[in-house]
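Notes follow once the structure below has been shown.
Chain A is the first sequence line, chain B the second, and so forth, proteins listed ahead of strands; every chain is numbered from 1. Here the structure is a predicted model, which means the values were calculated and not measured.
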Amino acid sequence: MLKIYSTLFEVLGPQGWWPHPTRFGKIVGALLAPAVKWGNVVRAIDNLEKAGIDNFPALRELDVKLLEEYIRPTIYYRKKAQALKAMANKEELLEIKGSLLLREEFLSLPNVGRETADSLLLYAWDYPIMVVDAYTKRILYRLGYLPQEKIDYDLVQQLIESKLPKDLSTYQEYHALLVRLGELYCKKSPLCEDCPLNKDCQKIHLKLVEG
DNA sequence: CTCCAGGGGGCCA
DNA sequence: TGGCCCCATGGA
């Protein structure tokens, strides 16, 4: 597990997440990001900021229909609008420091599941918790760390956390690196010949090409 | 132009 | 758990 991390870091370099500088942007970004390319998340946040929506009180006052239009570049925008509204209406959460209790609070918000909750904690609350997404599962499965690709979220999270130093920047970078690797090489039709992990991959055997 | 994948989450059986 | 729905975007 640590070897994957060091290999990815060496080949792909530091990813430097989270791209959005403000706390508002980080939180909104974490809520919009699932199943959406980051570029489209940025478009959505830009739409909001151009409309002067750059803080939670403003978001709370914003008409839902208008909010939906602003974040339309992100898929499932109606669901995500509900999540944003719910977060804006629970502004007291912003003052709480990261914890597993706060995680439960996030999970009680509409349309916020484990990945989204953990993204909020890891990137907007600086709380060291590993985010697991479809790429994470697919990559670890192909590398032989998981018995199957469809597997319980918590199990994968525990596995990773048990084998990495419990360190904020390690978790932040590792998830970002796995996403980057996934985007580049680990689609359902994989592009393994160029994958930096190719020589370690047990499922797919093609030659490693160094960039 | 059409087809379709698919970085999540909720709900229901 | 497994199936279905939500539903923009971009590449084939």
Apply ring pair (Phe, Tyr, Trp, His ring centres under 6.0 Å) to A:Tyr171 and list each qualifying residue two or more places apart in sequence or on a separate chain.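 Residues passing ring pair (Phe, Tyr, Trp, His ring centres under 6.0 Å) with A:Tyr171: none at all.
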Between [X] ([atom1]) and [N] ([atom2]), how many Å, whole number?
X	N	atom1	atom2	value
A:Tyr135	B:dA5	OH	P	14 Å
A:Ile139	B:dG7	CD1	P	11 Å
A:Lys79	B:dG9	NZ	P	12 Å
A:Phe106	B:dG8	CZ	P	18 Å
A:Leu32	B:dG8	CG	C1'	13 Å
A:Leu31	B:dG9	CG	C1'	13 Å
A:Arg114	B:dG9	CZ	P	8 Å
A:Asn40	C:dC7	CG	P	16 Å

Could you list all the salt bridge (Lys or Arg N to Asp or Glu O under 4.0 Å) pairs where at least one residue sits in [range], not counting sequence neighbours?
range	result
residues 31-46 of chain A	none
residues 151-165 of chain A	A:Arg114-A:Asp152, A:Arg114-A:Asp154, A:Glu161-A:Lys166
residues 69-80 of chain A	A:Glu69-A:Arg72

Could you walk me through whether A:Ile151 and A:Tyr141 pass the side chain to side chain contact (heavy atoms under 4.5 Å, CB included) check? CA-CA 9 Å; A:Ile151 190 169; A:Tyr141 167 66; over 6 Å; no
Where each pair must be Watson-Crick or G-U wobble with both distances under 3.5 Å, what dot-bracket representation of DNA chain C is obtained, with crossing pairs in [ ] and other-strand partners as |? ||||||..||||
Choosing from B:dG7, C:dC6, B:dG10, which nucleotide comes nearest the side chain of A:Glu183? B:dG7
Residues that A:Lys97 engages under salt bridge (Lys or Arg N to Asp or Glu O under 4.0 Å), provided they are two or more places apart: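 None.
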Contacts under 3.5 Å, N or O only, protein and nucleotides 1-3 of chain C:
none

Should A:Leu94 and A:Leu109 be regarded as members of a common hydrophobic cluster, given that ILVMFWY residues are connected when their side-chain heavy atoms come within less than 4.5 Å of each other, either directly or indirectly? yes
Among residues 64-76 of chain A, which residues get a heavy atom nearer than 4.0 Å to DNA chain B?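 Per residue number, the list reads A:Ile75, A:Tyr76.
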Under a 4.0 Å heavy-atom cut-off, which of residues 43-53 of chain A touch DNA chain B?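 Under 4.0 Å from DNA chain B: no residue of residues 43-53 of chain A.
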For C:dG3 versus B:dA5, give the span between their P atoms, rounded off to a whole number of Å. 16 Å
Would one find a side-chain N or O of A:Arg138 under 4.0 angstrom from OP1 or OP2 of B:dG7? yes
A:Glu173 side chain to A:Gln15 backbone, donor-acceptor under 3.5 Å: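 Side chain of A:Glu173 to backbone of A:Gln15, a donor-acceptor pair under 3.5 Å: yes, one is there.
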So, does A:Gln157 use its side chain to make a donor-acceptor pair with the main chain of A:Met130 at under 3.5 Å? yes
Only one of A:Tyr123, A:Tyr127, A:Tyr153 clears side-chain hydrogen bond (donor to acceptor under 3.5 Å, both in side chains) with A:Asp118; which? A:Tyr153
Without placing hydrogens or testing angles, list every side-chain donor-acceptor pair under 3.5 Å for residues 48-62 of chain A, not counting sequence neighbours.
unit_1: A:Asn55; atom_1: OD1; unit_2: A:Ala58; atom_2: N; d: 2.8
unit_1: A:Arg60; atom_1: NH1; unit_2: A:Ala88; atom_2: O; d: 3.3
unit_1: A:Arg60; atom_1: NH1; unit_2: A:Glu91; atom_2: OE1; d: 2.9

Using the test side chain to side chain contact (heavy atoms under 4.5 Å, CB included), find all partners of A:Leu101 that sit at least two apart in sequence or belong to another chain.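 A:Leu101: side chain to side chain contact (heavy atoms under 4.5 Å, CB included) contacts with A:Ser99.
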Would you indicate what A:Thr136 reaches in the nucleic acid, counting non-hydrogen atoms under 4.0 angstrom: base, sugar-phosphate, or nothing? nothing
Step by step, work out the side chain to side chain contact (heavy atoms under 4.5 Å, CB included) result for A:Leu181 and A:Ile4. CA-CA 11 Å; A:Leu181 183 78; A:Ile4 301 174; over 6 Å; no
Listed once per pair and sorted, the ring-ring contact (aromatic ring centres under 6.0 Å, His included) pairs that draw on residues 61-114 of chain A, sequence neighbours left out: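 For residues 61-114 of chain A, and leaving out neighbouring residues, the ring-ring contact (aromatic ring centres under 6.0 Å, His included) pairs sorted by first residue read A:Phe106-A:Trp125.
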